[in-house]
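Inspection log for the structure reproduced underneath, given as structure tokens.
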Amino acid sequence: MQHERIATKVNTFMADVIQRSPGEPEFHQAVQEVAESIIPFLDTHPRYQAAKVFERMTVPDRVIMFRVVWEDDNGTPQINVGYRVQFNNAIGPYKGGFRFHPSVTLGTLKFLGFEQVFKNSLTTLPLGGGKGGSDFDPKGKSDREVMRFCQAFMTEMQRHIGQNTDIPAGDIGVGAREIGYLFGQYKRISNEFTGVLTGKGLHYGGSLIRPEATGYGSVYFAKEMLATKNDNLVGKTCLVSGSGNVAQYTIEKIIDLGGKPITFSDSTGFVHDPEGVTREKLAYIVDLKTVQRVDISHYIQHYPNATYHPGERPWAIPGDLAFPSATQNEISETDAKTLIQNGCKLVSEGANMPTSLEGVEVFRNAKILYAPGKAANAGGVAISGLEMSQNSMRLSWTRDEVDAKLQEIMKRIHQQCVTHGQEADGYTDYVKGANIAGFIKVADAMLAYGVM
Ligand code: NDP
């Protein structure tokens, strides 16, 4: 009965969200996952309900959308769309990455911005949530073309961001190269050297451990989850997807902590290396993806005991732990069932929303250790927050100092999930825990500001 009443409330709530944001299925998916945790919580916390705080949180503070025109190497003008979704700055300036990928739409960036609000709140740092990017595809473009695009994009974007307003960073398709071009153009136009972007190079204001932070953080989170079962990573076979920034450092930290990563992927397919990816093999993957900029099928020419599976994802390979680290909706309901049948005990999401809503239900019903992206991948934005602190103080912390802070932050996020997500039978629902803990801080700040 109670279950049905909540389901009706969630449906009514979602009907309103969908009516206001038609054609944005990823955004609806992200809101629904949070609504399923927050709506029952509101029943026992009427002050949030009376002020309609959660309803307000589903509408961004503002959306900026603009034309980006740049010249390719043939001198032909090319046109892309640029966006910044400034979702919520109740607890700090907007913070969240830029994504450059042909699939980017306003709906994609609204889902990412909405998730970011909760994630940033969980880090315990004073960071609001935002996200931006473009449908520009850096793949197959020359460095000069990427530079001209980044300069054109930043020429408009710079009016809307600032070190105390909105501090973007990287995401899919935006790595060290793109951040360099973007920061250079901001500096040129504003005539100011300020920490307006994070993920910067070390020689111009970046923080040690920022490139590693999301991947390392996701593995540290897995370590915390395993510790609740008196277990650890030693000897565990690990399925990783992706081969970009997050996946690379996830693989590195799994190796450091004694696990055995046996898969990785990209948009063309996945590689299964039953002998395990070593540090040397990882260096080769990094070279393929960031220097040669080619697909991962080349790996098997170097390491012939591995197999390449075009057009497939790694979830049918048996493994103890899974670290989806590529993109959204890469684990379907069927994939989730296969993982469980094959004995997977833990899923730590390095990517944002990699599991479909049905897949999430499979993990929760099986009561495995399942950490949603907003908790498990929050290490990246947390260290971005520390990069901002170091920029403001005009000093740099050592690698060990930043790594220790990252581990401490991941512990605190884990603890908040347990506090708000532990059920009567001792099972921790990390989805519920992360959503409620993230919500409370933002909602309390919004209540303090009155009706706006
Ligand atoms: P990168 O661009 O460095 O790597 C992305 C990886 O995912 C590549 O292997 C890419 O393959 C693959 N990929 C991208 N899109 C698709 C797709 N549609 N289908 C299949 N594979 C795809 O990005 P990041 O590593 O930075 O980001 C990965 C995930 O982590 C994203 O969900 C991002 O939002 C999330 N994240 C990133 C953070 C960060 O600090 N960078 C922080 C928190 C979350 P290919 O090379 O073929 O394109």
Side-chain angles (χ1 to χ4, degrees), residues 26 30 95-105 108-109 111-116 118-120 122-123 127 129 131-133 136-140 168-179 197-199 206-207 209-218 221 240-251 263-271 285-286 288-290 292-299 309-315 323-332 348-355 371-385 387 406:
E26 291 163 330
K95 179 98 198 85
F98 286 143
R99 176 175 292 192
F100 293 168
H101 194 274
S103 66
V104 163
T105 62
T108 318
L109 298 174
F111 118 63
L112 289 162
F114 180 75
E115 288 275 297
Q116 196 84 43
F118 291 81
K119 180 190 313 195
N120 292 4
L122 275 174
T123 64
L127 302 170
K131 200 83 187 186
F136 172 74
D137 186 359
K139 244 183 246 168
D171 188 75
I172 291 179
V174 180
R177 175 182 63 171
E178 289 76 14
I179 292 288
L197 295 177
T198 58
S207 173
I209 302 283
R210 175 61 191 93
E212 295 89 336
T214 308
Y216 279 15
S218 160
F221 200 90
V240 178
S241 67
S243 50
N245 171 269
V246 178
Q248 291 165 14
Y249 290 106
T250 296
I251 291 174
T263 66
F264 57 94
S265 71
D266 67 9
S267 53
T268 69
F270 83 92
V271 167
I285 300 171
V286 174
L288 285 179
K289 295 309 288 186
T290 58
Q292 301 184 48
R293 296 187 185 271
V294 293
D295 70 66
I296 53 168
S297 65
H298 294 78
Y299 182 89
H309 305 257
E312 287 181 44
R313 295 171 180 146
W315 314 124
F323 294 87
S325 311
T327 193
Q328 63 269 19
N329 290 325
E330 53 168 321
I331 299 183
S332 65
S348 183
E349 295 185 340
N352 284 309
M353 207 169 74
T355 312
K374 62 173 77 69
N377 71 34
V381 72
I383 301 308
S384 277
E387 182 173 330
L406 172 62

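Every value quoted in this text rests on a predicted model; they were computed, and no experiment measured them. One-based numbering, in listed order, for ligands and for the atoms of each.
- Remark: the backbone N or O of G242 is paired with a side-chain donor or acceptor of S265 at under 3.5 angstrom.
- Where the criterion is an N or O separation shorter than 3.5 Å, residue side chain and backbone included, K131 fails it with respect to ligand 1.
- Note: no N/O pair closer than 3.5 Å links N377 and ligand 1 by distance alone.
- Residue S265 has at least one heavy-atom neighbour below 4.0 Å for each of these atoms of ligand 1: 9 (O).
- Here the protein heavy atom with the shortest distance to atom 4 (O) of ligand 1 is G244 CA, 3.3 Å.
- Contact annotation: for R210 versus ligand 1, heavy atoms closer than 4.0 Å belong to the side chain alone.
- With respect to atom 19 (N) of ligand 1, the closest heavy atom belonging to the protein is T327 CG2, 3.7 Å.
- Between V246 and ligand 1, a contact under 3.5 Å exists for at least one N or O pair.
- The N/O atoms of Q328, backbone and side chain alike, include none that comes under 3.5 Å of an N/O atom in ligand 1.
- Those atoms of ligand 1 that come under 4.0 Å of a heavy atom in G350, given as number and element, are 30 (O), 35 (C), 36 (N), 44 (C).
- Every N/O-N/O distance between T268 and ligand 1 stays at or above 3.5 Å.
- Residue N352 places at least one N or O, backbone or side chain, under 3.5 Å from an N or O of ligand 1.
- Which parts of ligand 1 touch K289 is read off a 4.0 Å heavy-atom cut-off, strictly below it: atoms 45 (P), 46 (O), 47 (O).
- Checked by atom type and distance alone, the side chain of E115 never pairs as donor or acceptor with a backbone atom of L112 at under 3.5 Å.
- Between atom CD1 of residue I179 and atom OG1 of residue T198 there is a gap of 7.0 Å, rounded to the nearest 0.5 Å.
- Scanning all protein heavy atoms for the shortest distance to atom 13 (N) of ligand 1 gives A326 CB, 4.3 Å.
- One finds the CG atom of D295 at 8.0 Å from the OG atom of S267 (value rounded to the nearest 0.5 Å).
- In this pair, H309 and F270 present their aromatic rings parallel. The plane angle is below 30°, not in the 30 to 60° band.
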